[in-house]
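Just below is one structure, and these are the notes that go with it.
For the single chain, residues carry numbers from 1 onward in sequence order.
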Amino acid sequence: MARWAIAIHGGAGVDPNLPEHRQEEAKRVLARCLQVGVDLLRAGATALDVVEAVVRELETDPCFNSGRGSALTRAGTVEMEASIMDGRGRRCGAVSGVSTVRNPVSLARRVMDKSPHSYLAFDGAEDFAREQGLEVVDNSYFITEENVGMLKLAKEANSILFDYRIPLAGADTCSAQAAAVESHGSNGMVMNGLPISIYAPETVGCAVVDSNGFTAAATSTGGLMNKMTGRIGDSPLIGAGTYACGHCAVSCTGEGEAIIRSTLARDVAAVMEYKGLPLQEAVDFCVKERLDEGFAGLIAVSGTGEVAYGFNCTGMFRGCATEDGFMEVGIWE
């Protein structure tokens with residue numbers, strides 16, 4: 001029997017000025033969702049079932065940018081995307097442009113299990129969800145007051161903006177956020193050559209190896225605040241934001257365009273396979289050598305029960321646990 005292990009994330013690129021109580025809130029959510037996965041693994045659940053269940057929990061809580069609490073498009077709507085991959089046979093499913101499906105990760109799994117395809121988007125994905133009897137809700141369910149306020153600031157700054165965890169209640173807080181937008185807007189950070197302001201993506205993800213040595217990974221996100229409608233990031237792209245095989249399972253978070261260019265998740269597996277690197281060294285190599293000028297992070301587990309993470313930005317919401325009793329939740333280095 002192999003050792004089971006689980007890693008989760010709630011996004012890389014954390015505002016260093018994030019209030020302490022919001023940091024603690026995020027860690028509580030991570031710990032609760034991590035425990036869901038641990039309990040399932042102890043009960044003998046498969047890696048695939050565990051990553052779906054954990055990401056569903058993360059999608060349901062508005063603390064992070066997936067499901068309820070997703071970032072808003074410039075039109076003020078939510079367009080979500082998710083993917084899931086089974087290391088056994090490298091089966092996969094993905095969805096984009098989802099606007100009414102309560103748990104996009106479960107739709108991604110239905111695409112994998114119940115359709116002849118690997119990827120469905122927009123109306124086709126929505127239609128398939130209804131055919132499969134998945135729970136749907138009005139788009140307003142996913143929208144939070146905080147995100148409405150952050151979208152307003154993003155539009156005023158004429159920039160992609162995301163850092164919705166800092167409360168917007170009260171004029172003083174709004175003024176502080178506006179100042180932050182102005183200060184970050186001149187920091188020279190760019191995405192695909194265009195300036196952005198506060199960069200704090202909060203995609204969620206989970207990577208698991210179960211007691212049979214089978215791996216799986218899943219990733220879910222609402223994307224960028226003030227993004228163009230129709231934008232697709234790395235999260236639903238197999239090999240970019242999500243990957244699982246016999247060597248490892250990986251879920252990425254951060255600057256989607258940079259992750260796409262570097263095929264970051266697949267590269268971790270590739271350097272393990274072709275260079276013979278152990279998991280943490282493979283993660284470190286890919287974060288350092290493959291992201292170019294991009295900012296991102298990732299979590300990973302190996303087929304033998306190791307856990308690893310890496311990021312080249314300020315902090316990453318993350319947690320991990322292993323069969324031998326090790327468990328931690330963290331944000332910073």
Side-chain angles (χ1 to χ4, degrees), residues 1-12 14 20 23-61 63-64 84-88 105 202-220 242-253 265 268-269 272 277-284 286-287 297-311 315-333:
M1 298 287 284
R3 294 192 312 161
W4 61 255
I6 178 173
I8 65 174
H9 71 74
V14 184
E20 186 69 28
Q23 295 183 37
E24 293 305 314
E25 177 189 6
K27 288 193 285 189
R28 283 194 299 271
V29 172
L30 288 170
R32 176 175 59 79
C33 295
L34 183 61
Q35 190 63 52
V36 168
V38 168
D39 290 345
L40 287 169
L41 285 163
R42 286 174 175 164
T46 67
L48 192 61
D49 287 342
V50 174
V51 296
E52 180 186 6
V54 171
V55 172
R56 281 177 62 94
E57 288 290 320
L58 289 163
E59 289 174 338
T60 302
D61 195 297
C63 184
F64 297 115
I84 192 167
M85 188 168 187
D86 186 351
R88 294 173 295 178
V105 69
E202 289 163 345
T203 297
V204 304
C206 182
V208 167
V209 58
D210 61 29
S211 57
N212 291 313
F214 299 135
T215 66
T219 311
S220 180
T242 304
Y243 196 74
C245 63
H247 290 279
C248 62
V250 181
S251 176
C252 300
T253 174
V268 174
M272 291 182 72
L277 296 184
L279 182 67
Q280 186 65 63
E281 289 185 28
V283 168
D284 293 342
C286 291
V287 169
L298 63 89
I299 56 168
V301 300
S302 73
T304 55
E306 302 162 294
V307 294
Y309 66 86
F311 53 92
M316 180 170 72
F317 295 106
R318 64 191 186 274
C320 66
T322 59
E323 188 173 1
D324 60 11
F326 177 77
M327 182 181 291
E328 71 171 4
V329 170
I331 301 176
W332 313 110
E333 293 287 353

Using side chain to side chain donor-acceptor pair (under 3.5 Å) as the criterion, list what pairs up with [X], not counting sequence neighbours.
X   : answer
E24 : K27
R28 : none
R88 : D86
E57 : R32

Pairs under 3.5 angstrom only: tabulate donor-acceptor contacts from the side chains of residues 39-46 to other protein residues two or more places apart or in another chain.
from: D39; atom 1: OD1; to: Q35; atom 2: NE2; distance (Å): 2.8
from: T46; atom 1: OG1; to: D49; atom 2: N; distance (Å): 3.2
from: T46; atom 1: OG1; to: D49; atom 2: OD2; distance (Å): 3.3

Partners of [X] by side-chain contact (heavy atoms from CB on, under 4.5 Å), sequence neighbours excluded?
X    : value
A308 : L279, Q280, V283
A265 : Y243, V250, C252
V209 : A5, T215, V301
Q23  : L18, E20, I331, W332

Do you know which two heavy atoms are closest between [X] and [Y], and how far apart they sit?
X    : Y    : result
W4   : S211 : CB-N, 3.9 Å
A249 : A217 : CB-CB, 4.1 Å
C63  : A26  : SG-CA, 3.7 Å
A216 : A244 : CA-CB, 3.9 Å
L34  : G319 : CD2-C, 4.2 Å
M272 : S302 : CE-CB, 4.4 Å

Taking side chain as C-beta onward, heavy atoms only, is [X] less than 4.5 Å from [Y]?
X    : Y    : answer
T242 : I84  : no
I8   : V204 : no
Y309 : H9   : no

Step by step, would you call C248 with V268 a side chain to side chain contact (heavy atoms under 4.5 Å, CB included)?
CA-CA 8 Å; C248 62; V268 174; 4.3 Å; yes

Rounded to the nearest 0.5 Å, what separation is found between the [atom1] atom of [X] and the [atom2] atom of [Y]?
X    : Y    : atom1 : atom2 : result
T253 : F317 : OG1   : CZ    : 10.0 Å
R56  : S220 : CZ    : OG    : 11.0 Å
T322 : M327 : OG1   : CE    : 8.5 Å
I299 : T219 : CD1   : OG1   : 7.5 Å

Report yes or no: does N212 contribute a side-chain atom to a donor-acceptor pair with the main-chain N or O of F214 at less than 3.5 Å?
no

Taking only residues two or more places apart in sequence or in another chain, which ones pass salt bridge (charged side-chain N to carboxylate O under 4.0 Å, His left out) with E59?
none

With sequence neighbours left out, write down each residue that passes salt bridge (charged side-chain N to carboxylate O under 4.0 Å, His left out) with E306, or none if nothing qualifies.
none

Any pair counted as salt bridge (charged side-chain N to carboxylate O under 4.0 Å, His left out), so long as it reaches residues 322-333, sequence neighbours left out:
R3-D324

